[in-house]
Amino acid sequence: LIIDEINRANLSNVLGPIFYLFEHKMDKSNVEIEISPGFKINKLPNNFSVIATMNTADRSVEALDTALRRRFSFEEMPPNYDLIELSNKIFDYPAWEILKTINHRIEKLLDKDHLIGHSYFISKDEISIVESFYKCIIPLLQEYFFGDYGKIGLVLGKGFVKQKEWDKTSDSFADFDYDNSSDFEERNVFEIIDYRNDKLDYSIKGAPMTFQKAIKLLMKNTIE
């Protein structure tokens, strides 16, 4: 029995009958329970196993009760950089190397429970990796860092995050009395560079930027 995202389930409904059968596994009285309407079982096969997954970064993990922890072993499953599906090259870099670089920085800024899984990079090419970044990886980083784009920039580099320009003359705040309002004038505001936009006009030190060049900067290499 494989259960995905078990920490989000109603555990008493999902595992209650299974627990009951576990407790009576050796009972010769042949206990019969109803798993679902019209479906009854009275024993578990000897090779029966329950495998469940959950994300340690998910706050709902705290809801797991002691009954579950007492009956099951918990094994950490970190990103596996040795998978053959991560050996593919993405702009001259092995996929596993890009993933490992990102995770190394996330662990430094947060912890190892927030590492990005290898599924976002499995068998990705130079086209599909773009969608993976903008639909999965970047939104995940935005959630991890609560919109702190400065920290996202520390992970992805200036190829993906840039500081917005602020003209104190034309973009200044409305006339309003507010304590320390002048401090906000000095606050840096950042934005994500979206290379899916065909009209994007973004350059660094005079070099027009592309997604490929952004990956190079992420990997701390120079661009032409």
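Positions are given from 1 along the sequence. Note that this is a predicted model, so its numbers are computed, not measured.
- Other residues, nucleotides and ligands place no more than 12 heavy atoms under 6.0 Å from the CD atom of E165.
- With sequence neighbours left out, T53 forms a side chain to side chain contact (heavy atoms under 4.5 Å, CB included) with D4.
- In this structure I122 satisfies the side chain to side chain contact (heavy atoms under 4.5 Å, CB included) test together with L83, E85, L86, H118, sequence neighbours excluded.
- Atoms CD1 and CG, from I102 and L115 in turn, are 11.5 Å apart once rounded to the nearest 0.5 Å.
- The hydrophobic clustering, which links ILVMFWY residues whose side-chain heavy atoms are closer than 4.5 Å, places L218 and L200 together.
- Atom CD of E107 sits about 9.5 Å away from atom CG of D113, to the nearest 0.5 Å.
- Proximity of a side-chain donor or acceptor of N88 to a complementary backbone N or O of D125 within less than 3.5 Å is not detected.
- Interatomic distance, I127 CD1 to I129 CD1, rounded to the nearest 0.5 Å: 12.0 Å.
- Residues meeting the ring-ring contact (aromatic ring centres under 6.0 Å, His included) test with F184, sequence neighbours left out: none.
- Under the 30°/60° scheme for interplanar angles, the aromatic rings of H114 and Y144 are found to stand perpendicular.
- The environment of CG in D183 is crowded: more than 12 heavy-atom neighbours from other residues, nucleotides or ligands sit within 6.0 Å.
- Taking every heavy atom of both residues into account, I116 and N103 meet most closely at N-OD1, 2.6 Å.
- With sequence neighbours excluded, the residues satisfying salt bridge (Lys or Arg N to Asp or Glu O under 4.0 Å) with R196 are D194.
- Proximity of M209 to I223: side-chain heavy atoms (C-beta onward) are separated by under 4.5 Å at one or more points.
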Let me have the donor-acceptor pairs involving side chains of residues 89-101, under 3.5 Å, with sequence neighbours excluded, atom names and distances please.
| residue | atom | partner | partner atom | Å |
| --- | --- | --- | --- | --- |
| Y93 | OH | N221 | ND2 | 2.4 |
| T101 | OG1 | E97 | O | 2.8 |

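- Y81 and M77 fall into different hydrophobic clusters, defined by Ile, Leu, Val, Met, Phe, Trp and Tyr side-chain heavy atoms under 4.5 Å apart, directly or through other members.
- Within the 4.5 Å cutoff, side-chain heavy atoms of F211 are placed close to those of F133.
- Hydrophobic clustering places Y178 together with F173 (ILVMFWY residues linked when any side-chain heavy atoms are closer than 4.5 Å, directly or through intermediates).
- At distances below 3.5 Å, not a single donor-acceptor pair connects side-chain atoms of S203 with backbone N or O atoms of G206.
- Note that OH of Y134 and CD1 of I192 are 7.5 Å apart. Values are rounded to the nearest 0.5 Å.
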Show me, pair by pair, the donor-acceptor contacts under 3.5 angstrom made by side chains of residues 149-162, not counting sequence neighbours?
| residue | atom | partner | partner atom | Å |
| --- | --- | --- | --- | --- |
| Y149 | OH | Q142 | NE2 | 3.0 |

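- For the atom pair N80 CG and S119 OG, the distance stands at 12.0 Å (nearest 0.5 Å).
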